[in-house]
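Residue numbers start from 1 in every chain, and the chains themselves are labelled A, B, ... in the order their sequence lines are given, proteins ahead of strands.
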Amino acid sequence: MSTDVTPRSDSTPRRQHLRVESLDLSPTSYAARGRHDRWSLRFDRRVVAVCTALTVAIVVVFLTSLAVGDYSIGVLDVVRTLFGNPPDPLAEFIVNGRRLPRALVALLVGAALGASGAVFQSLSRNPLGSPDVIGFTQGASAGAVFVILVVGGSLAQVALGAIVGGLLTATAVYLLAYKRGVQGFRLILVGIAVGAMLISAVRYMLMRAELIEATGAQVWLTGSLNTRGWNHVVAVGIGMAIIMPVLLGLARPMRIIEMGDDAATGLGVNAERTRIGLLLAATGLAAMAVAAAGPIAFIALSAPHLARRLARAPGTTVGSAALMGALLLGVSDLVAQWVLPHQLPVGVVTVSVGGLYLLWLLAREGRRHHV
Amino acid sequence: MSEHRPESRLHGDDLTLAYDERVISQDLSVSIPDGSFTVIVGPNACGKSTLLRALSRMLKPTAGTVHLDGELITRYATKEAARRLGLLPQTSIAPDGITVADLVSRGRYPHQKMFRQWSAADSQAVAEAMTDTGIADLKHRRVDELSGGQRQRVWLAMVLAQQTPILLLDEPTTFLDIAHQVEVLELCHDLYSRLGRTLVAVLHDLNHACRYATHLIAMRDGRIVAEGRPGDVVTEQLVQDVFGLACRVVDDPETGTPLVVPAARRRAAVPAQA
């Protein structure tokens with residue numbers, strides 16, 4: 001079965017710019033080819049459908065978060081404002097100055113957390129292997145709290161502290177878990193232990209701090225998108241623009257490593273080197289997300305898993321996990337701001353929803369292993 | 001630089017193989033004859049899988065070298081090595097819910113690139129590999145629904161789709177019942193005799209090795225004790241030396257190859273009917 005996308009007016013195959021054919025590998029696998037087969041991409045129809053649906057949902061949530069608020073603006077006026085034609089100066093100020101950066105930070109941070117979680121779950125071969133379970137988020141938090149309370153640094157320095165803390169923790173966990181290569185379960189156990197130690201370090205710093213400073217640090221530790229502005233958008237945007245292409249390039253060998261290191265070696269993947277690259281990229285994403293919005297819980301844990309259940313494709317798909325993360329955090333921030341009687345930090349919402357999700361996941365896994 | 005017979009595309013010289021501090025083999029040299037079905041046998045923990053891991057670059061030798069096609073195997077880009085040498089590890093993990101054909105298609109990875117993800121050659125190689133292993137009828141089934149024997153054939157098909165001239169198989173018949181063991185070995189026989197591939201396998205069953213191997217390597221305590229045609233090397237003394245088993249070696253009534261019959265230490269539990 002083969003479908004031509006270009007008009008069939010000319011039957012010579014040279015004139016076809018894009019050909020899509022179904023592959024006889026699984027009911028949903030397809031390949032797209034360029035002219036003269038200069039390039040070809042393999043894709044899963046269901047993954048593409050899920051990504052499209054998620055993108056549509058993200059646009060809806062995005063526009064809603066720009067329209068809703070104490071001063072509500074119609075969606076049409078929002079779109080006009082985005083295209084540089086605002087109905088009035090106040091709308092321009094509220095949309096472009098206040099709501100747009102916050103909504104963008106939510107999407108970027110959510111996408112970073114989702115992609116990062118997908119990588120960690122793939123590397124640890126465990127649905128629980130997300131950066132907030134295996135200690136990397138706690139490392140970033142400890143770094144940030146250290147800067148807030150001990151150094152008393154600026155926002156940029158807090159962000160730097162989070163990134164340095166995350167990378168240091170990743171290195172420590174990797175080295176502690178290393179034994180002829182890093183295996184998934186060791187990584188999770190060592191990560192949980194290191195994370196617990198870092199939490200106690202954070203508690204100790206909070207206990208020793210002045211009350212006002214401690215309160216400020218505590219708010220940051222909940223994870224919040226309040227008062228996030230264009231500087232946050234630019235910082236996270238640049239980080240994503242650098243890391244995401246690297247990550248998407250490593251996604252194909254990553255899916256080969258899921259079959260085991262020996263099989264990966266046989267297929268021409270340098271498992272250890274690829275894994276270090278993936279760990280660096282995913283830790284970078286997680287630390288950057290923490291730096292921008294604080295340790296927002298459970299997005300990295302749940303987004304990849306939900307995306308995978310929707311797509312029902314074998315192996316981890318980083319792209320759909322990133323989109324799911326963006327959607328989840330976008331929705332959570334809307335709920336945190338407008339659905340509940342009081343405005344809450346978005347971290348409170350994700351913790352509550354994520355806790356329920358984790359219970360469901362554990363119950364389901366428990367059933368599966370006991371039957 | 002090495003004085004090996006030129007007809008060996010894959011050979012290891014003066015290898016010291018170790019896991020961390022634990023040395024398995026020292027000064028081990030081996031060359032795999034081209035176009036052969038070479039089988040490595042020996043008691044548990046004799047270092048046979050370790051040798052295979054070193055030849056396939058899964059284990060980095062502490063000392064010594066492995067050459068592939070006249071070049072140090074470590075000098076190849078890892079994908080280039082994977083286009084010359086295929087590998088069936090002892091255990092691999094099938095991704096959840098993957099179909100047979102999709103798993104086999106992963107064998108094409110070393111032939112693909114970031115923006116050359118699927119070609120007509122890929123489709124053809126996957127179809128051929130499934131036909132050669134007799135799993136074409138299963139291609140749309142999920143791998144996790146298959147029996148052990150079928151699954152092993154799927155993994156073999158994945159390595160075949162890689163289309164490498166040399167194939168290394170680490171215990172391909174373990175966990176299979178006797179009928180499936182013979183089926184896999186017949187397939188291996190086919191691969192080297194009909195398709196001209198060079199095969200190296202680690203096997204547990206000495207009688208299977210005798211019947212199917214063209215070149216046998218017997219190992220004990222990390223050393224090679226004997227190598228050559230099974231008919232030339234397998235004797236009662238060798239089995240005693242390598243496995244510590246008293247036995248008789250008789251002619252296999254089917255093939256004339258050596259057949260190892262362990263010596264009886266007591267009378268049969270149930271006497272044969274007269």
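Within the 4.5 angstrom heavy-atom criterion, no atom of B:Arg108 approaches chain A. Interface residue B:Leu103: only side-chain heavy atoms are found under 4.5 Å from chain A. Interface remark: A:Leu41 contributes backbone and side-chain atoms alike to the contact with chain B (heavy atom separation under 4.5 Å). Heavy atoms of B:Val159 lying under 4.5 Å from chain A are absent altogether. Of the two parts of A:Ala31, only the side chain, counted from C-beta on, holds a non-hydrogen atom closer than 4.5 Å to a non-hydrogen atom of chain B. Neither the backbone nor the side chain of A:Ser29 comes within less than 4.5 Å of any heavy atom in chain B. Only the side chain of B:Met158 comes within contact range of chain A, judged by heavy atoms closer than 4.5 Å. Interface remark: A:Arg312 contributes no atoms to any contact with chain B (heavy atom separation under 4.5 Å).
Not a single donor-acceptor pair under 3.5 Å links the side chain of A:Arg252 to the backbone N or O of B:Gln117.
Among the candidates B:Trp155, B:Phe115, B:Tyr109, the residue making the largest number of heavy-atom pairs closer than 4.5 Å to chain A is B:Tyr109. Note on B:Pro89, B:Gly107, B:Pro95: by heavy-atom pairs under 4.5 Å with chain A, the leading option is B:Pro89.
Side-chain contact of B:Ser105 with A:Arg42: a donor-acceptor pair under 3.5 Å is present, judged by distance alone.
Annotation: the span from B:Lys139 atom NZ to A:Leu25 atom CG amounts to 9.0 Å, rounded to 0.5 Å.
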